[in-house]
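Notes follow the structure.
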Amino acid sequence: MRRRPGIGGLQTAAAARDQYRLVGENVAKIRTDMMKEQLATFRSQLEEFARKHKNDIRKNPAFRSQFHEMCAKVGVDPLASNKGFWAELLGIGDFYYELGVQIVEICLATRPHNGGLINLQELCILLCQRKSDREAVSEDDCLRAISKLKVLGSGFEVISVGKKKLVRSVPTELNKDHNEILELAQAQGYVTVEEVERRLSWTSGRAIDALDTLLDEGLAMIDDGHRDGKRRYWFPCVSSNSNPVADT
C-alpha cells in the first residue's frame with residue numbers, strides 16, 4: 001500500500017517548486033538583460049555606421065535599402081519621426097516626406113490617364129525625372145514612402161498584379177476577375193472580349209461585365225479603330241506604350 005506524503009513532505013515539495021521557479025525567473029532575467037545589452041550595442045554601432053556612411057545613405061538607393069534592413073533587425077525605425085537623432089543626422093525622414101508629397105502629385109496628375117492605378121516602375125521613372133542624379137529614387141524608396149501615405153486614408157496602397165506592382169491612389173476595390181484581366185493585359189497593354197473569353201475560359205457576360213466595371217472606374221480606354229472590328233480595352237497602368245505626365 002502506497003503511503004501519502006506527510007505535511008513535511010508537501011512543504012518540502014512546495015519549497016523545491018518555488019526554488020525552481022526563482023531559478024527560472026533569474027535565468028530569464030539574465031537572458032533578457034543580455035539581449036537588451038546586445039541590442040544597445042548594435043544600436044550604438046548602427047549610429048556610428050550611419051555617421052560614417054551618411055552621404056552614401058542619402059545618395060545611393062541600394063545602400064539606403066540595405067541600411068533600412070540593418071535598422072529593422074535591431075528594432076530601429078528611422079522614419080518613425082522627423083525629430084531626433086536620425087532626422088538630424090541623415091534627414092531621411094524629410095526625404096520620404098517630400099517623396100510622399102511628390103508621389104501624391106504624380107498620382108493626381110496621371111489619374112485622368114490611368115484611372116488612379118499606376119505601374120510602380122513608371123512612378124519611379126517620373127520621380128527620378130523630378131530629382132537630380134544626386135537624389136536617385138528606387139522602388140524600395142517608393143514603397144517606404146507609400147507606406148507612410150496610408151495615414152491619409154485615401155486609398156494609397158500597392159497591389160500585385162501578376163509580376164507587376166501597381167500603386168493605387170483611389171479607393172477602388174478590384175476583385176479577382178479584374179486582377180486576372182489586368183494580368184492578361186500585361187502582354188500587349190490591351191485585351192479584347194474574345195481574348196478574355198478564350199484565355200480565361202469565361203462566358204461573354206462575365207468578360208463584358210468585368211471590362212465594363214474597369215471602364216467605368218477609368219482604368220481602361222476603348223479603341224474601336226481596327227480593321228478586324230474588335231474593340232480593344234487598353235490599360236495605361238500596365239501598357240508600355242503609355243504617355244505618362246512627367247511634371248505638373
Find out whether Y233 and D212 are in side-chain contact, i.e. whether some heavy atom of one side chain is under 4.5 Å from a heavy atom of the other. yes

For residues 193-203, which residue pairs pass the salt bridge (charged side-chain N to carboxylate O under 4.0 Å, His left out) check, not counting sequence neighbours? E195-R199

Measure the shortest side-chain to side-chain distance between V158 and L166 over non-hydrogen atoms and say whether it is less than 4.5 angstrom. no

side-chain contact (heavy atoms from CB on, under 4.5 Å) between N119 and V167, intermediate numbers included: CA-CA 6 Å; N119 190 315; V167 179; over 6 Å; no

Can you confirm whether F156 sits close enough to V104 that some side-chain heavy atom of one is under 4.5 Å from a side-chain heavy atom of the other? yes

Between W202 and E180, is there a side-chain heavy-atom distance shorter than 4.5 Å? yes

ILVMFWY cluster, V238 and I125 together (side-chain gap under 4.5 Å): no

Say you draw a straight line from CG of D209 to CG of L214; how long is it, rounded to the nearest 0.5 Å? 9.5 Å

Decide yes or no for L182 and L174: does some side-chain heavy atom of the first lie under 4.5 Å from some side-chain heavy atom of the second? yes

Can you tell if the side chain of R232 reaches within under 4.5 Å of the side chain of I222, non-hydrogen atoms only? no

Do L184 and V196 have side-chain heavy atoms sitting under 4.5 Å apart? yes

Drop me the distance from C124's SG to D140's CG, to the nearest 0.5 angstrom. 9.5 Å

Expected output: side-chain R111 to main-chain S169 donor-acceptor under 3.5 Å: yes

Correct closest heavy-atom pair for V161 and N179 would be CG1-O, 3.5 Å

Carefully, step by step, assess I181 and F235 under the rule side-chain contact (heavy atoms from CB on, under 4.5 Å). CA-CA 10 Å; I181 288 177; F235 295 90; 3.8 Å; yes

side-chain hydrogen bond (donor to acceptor under 3.5 Å, both in side chains) partners of D141, counting only residues at least two apart: R64, Y96, S138

Minimum heavy-atom separation for A145 to G100, with atom names? CB-N, 4.1 Å

Closest heavy-atom pair, I118 versus C107, reported as atoms and distance to 0.1 Å, is CG2-SG, 4.3 Å

Which residue in the set L127, V137, L126 passes side chain to side chain contact (heavy atoms under 4.5 Å, CB included) when paired with I103? L127

Can you spot which of D223, D228, D224 makes a side-chain hydrogen bond (donor to acceptor under 3.5 Å, both in side chains) with H226? D223

Verify, without hydrogens or angle tests, whether H113 (side chain) and T110 (backbone) share a donor-acceptor contact under 3.5 angstrom. no

Euclidean distance, L117 CG relative to H178 NE2, rounded to 0.5 Å: 12.0 Å

Taking side-chain hydrogen bond (donor to acceptor under 3.5 Å, both in side chains) as the test, write out the residues that go with E183, two or more places apart. none

Roughly how far, to the nearest 0.5 Å, is NZ of K164 from CD1 of I159? 13.0 Å

Do L211 and V193 have side chains that approach each other closer than 4.5 Å (heavy atoms only, starting at C-beta)? yes

State the OG1-CD1 distance between T203 and I208, to the nearest 0.5 angstrom. 8.5 Å

Residues R206, D177: salt bridge by 4.0 Å N-O rule: yes

